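Presented below is the structure to which this report refers.
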There are 2 protein chains.
Amino acid sequence: MKAERSLAEILRERGYRLTPQRMIVLEAVEASDHHISAEEIHTKAHARYPYMNISTVYRTLELLKELDLVAETDLGGGRLVYHPAGKAHHHHLVCRKCGKVQDIDRTVFERLRDELKDRYGFNAEFEHMGIFGTCEACRGQ
Amino acid sequence: MKAERSLAEILRERGYRLTPQRMIVLEAVEASDHHISAEEIHTKAHARYPYMNISTVYRTLELLKELDLVAETDLGGGRLVYHPAGKAHHHHLVCRKCGKVQDIDRTVFERLRDELKDRYGFNAEFEHMGIFGTCEACRGQ
DNA sequence: AATATTATTGCAATAGCTTGCATAAGCAAT
DNA sequence: ATTGCTTATGCAAGCTATTGCAATAATATT
């Protein structure tokens with residue numbers, strides 16, 4: 001059982017402040033059932049709370065990433081998308097042809113991580129990777 | 001021995017045209033000894049040939065990627081960089097702390113590629129990946 | 001060599017995201 | 001509750017990259 005810690009608590013112990021904007025951005029990401037873009041977050045958040053600027057949305061997302069509350073992924077389409085961090089699936093196979101996104105387990109990267117560590121002493125961050133390619137259905141063009 | 005095929009030839013057999021702009025962009029990438037940004041390419045190319053617009057540079061780079069003559073990589077810093085394709089090294093370990101970039105062999109991704117293929121039927125493109133993390137020297141902060 | 005066809009370019013507008021700076025507001029101490 | 005310190009926000013400007021469209025230029029045909 002993981003203790004639920006409030007956003008206020010998490011922020012304050014690092015010297016950050018709780019603001020309505022931060023609460024609302026986080027809630028918007030958590031409320032969304034799909035990967036949501038910054039623009040969508042802004043639209044939703046602004047409807048609830050008019051004092052909500054797009055640059056604040058971006059800055060808040062940056063902060064929530066740092067706090068490991070939100071994850072950012074590039075699924076193509078020229079915009080980054082966001083979802084709550086800490087879910088089971090951690091990577092995304094993105095088909096260039098049909099656009100389908102399949103979520104996969106993080107474990108597939110573990111062997112590669114180890115190899116980069118052993119061979120180059122490099123500590124790679126493989127989190128919420130968008131992996132582009134061609135899905136099974138689209139194989140033969 | 002690989003036969004050298006001219007740019008004109010490669011373009012024409014696909015229905016594309018040879019233009020001074022295309023020649024000069026390709027030469028700028030090939031002449032550069034490091035990863036070069038679109039803006040740098042534009043500056044160099046414009047000096048040689050005044051009829052050279054930044055949007056043409058971007059469109060030409062897109063084309064040269066498709067022709068496998070040029071590779072694009074995200075090494076951070078908010079801009080994409082380009083280099084001639086088909087060199088031995090294919091991926092790049094980018095240290096978030098000191099910014100050092102270490103080029104590595106493509107083979108490290110082969111096992112992962114196979115695994116994604118076997119488990120999900122997914123044909124992943126792992127080419128010229130920028131892999132972010134922490135290098136050996138920066139390990140202990 | 002001139003003409004027709006169609007790919008390509010330049011320009012300007014636009015999209016997504018970031019940043020500097022003055023103002024506003026959260027928090028701690030009184 | 002008020003004050004003071006410092007973080008956070010809004011605004012506007014700026015950066016990298018993309019796109020629609022009219023003008024231009026490369027190729028194939030005559």
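Quick note: numbers below take in every heavy atom, side chains included, and nothing from hydrogens, waters or symmetry partners. Predicted, not measured: the structure shown is a model, and the values here were computed from it.
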- prompt: If you pin A:V81 and A:Y49 to their nearest nucleotides in DNA chain C, which one's is more 5'?
  reply: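 The residue mapped nearer the 5' terminus is A:V81.
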Quick one: [X] [atom1] to [N] [atom2], roughly how many Å, whole number?
X	N	atom1	atom2	result
A:L64	D:dA8	CG	P	12 Å
A:R12	C:dA28	CZ	C1'	10 Å
A:L63	C:dT18	CG	C1'	16 Å
B:E40	D:dT16	CD	C1'	13 Å
B:I54	D:dC15	CD1	P	13 Å
A:R14	D:dA8	CZ	P	13 Å
A:I24	D:dT9	CD1	C1'	13 Å
B:L61	D:dT16	CG	P	15 Å

What's [X] touching, base or sugar-phosphate or nothing? Going by heavy atoms closer than 4.0 Å.
X	answer
A:L80	sugar-phosphate
B:R59	base
B:E39	nothing
B:R22	sugar-phosphate
A:L18	sugar-phosphate
B:T19	sugar-phosphate

message: Return whichever of B:R17 or A:P20 has its heavy-atom-nearest nucleotide of DNA chain D closer to the 5' end.
response: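 Looking at the nearest nucleotide for each, A:P20 comes out on the 5' side.
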- prompt: For B:Y49, does the OH atom sit with more than 12 other heavy atoms under 6.0 Å from it, leaving out its own atoms?
  reply: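 Enclosed: over 12 neighbouring heavy atoms sit under 6.0 Å from OH of B:Y49.
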query: Any chain of hydrophobic side-chain contacts (each under 4.5 Å) joining A:M52 to A:L7?
result: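 A:M52 and A:L7: one cluster.
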Just to confirm, is there a sub-4.0 Å distance from OP1 or OP2 of [N] to any side-chain nitrogen or oxygen of [X]?
X	N	value
B:S55	C:dG10	no
A:Q21	D:dG10	yes
A:Y58	C:dC17	yes
A:R79	C:dG16	yes
B:N53	C:dC11	yes

field: Positive for side chain to side chain contact (heavy atoms under 4.5 Å, CB included) with A:Y82, one of A:V70, A:L64, A:V57
entry: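 Only one of A:V70, A:L64, A:V57 forms a side chain to side chain contact (heavy atoms under 4.5 Å, CB included) with A:Y82, namely A:V70.
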field: A:E40 versus A:S37, side-chain donor and acceptor atoms under 3.5 Å
entry: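 Yes, side-chain donor-acceptor contact under 3.5 Å.
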task: Go through the steps for B:L63 and B:E66 under the test side chain to side chain contact (heavy atoms under 4.5 Å, CB included), then give the verdict.
output: CA-CA 5 Å; B:L63 178 64; B:E66 185 194 320; 4.2 Å; yes
message: Apply ring-ring contact (aromatic ring centres under 6.0 Å, His included) to residues B:H128 and B:H90 and explain how you reach the verdict.
response: CA-CA 5 Å; B:H128 307 282; B:H90 280 70; 5.2 Å; yes
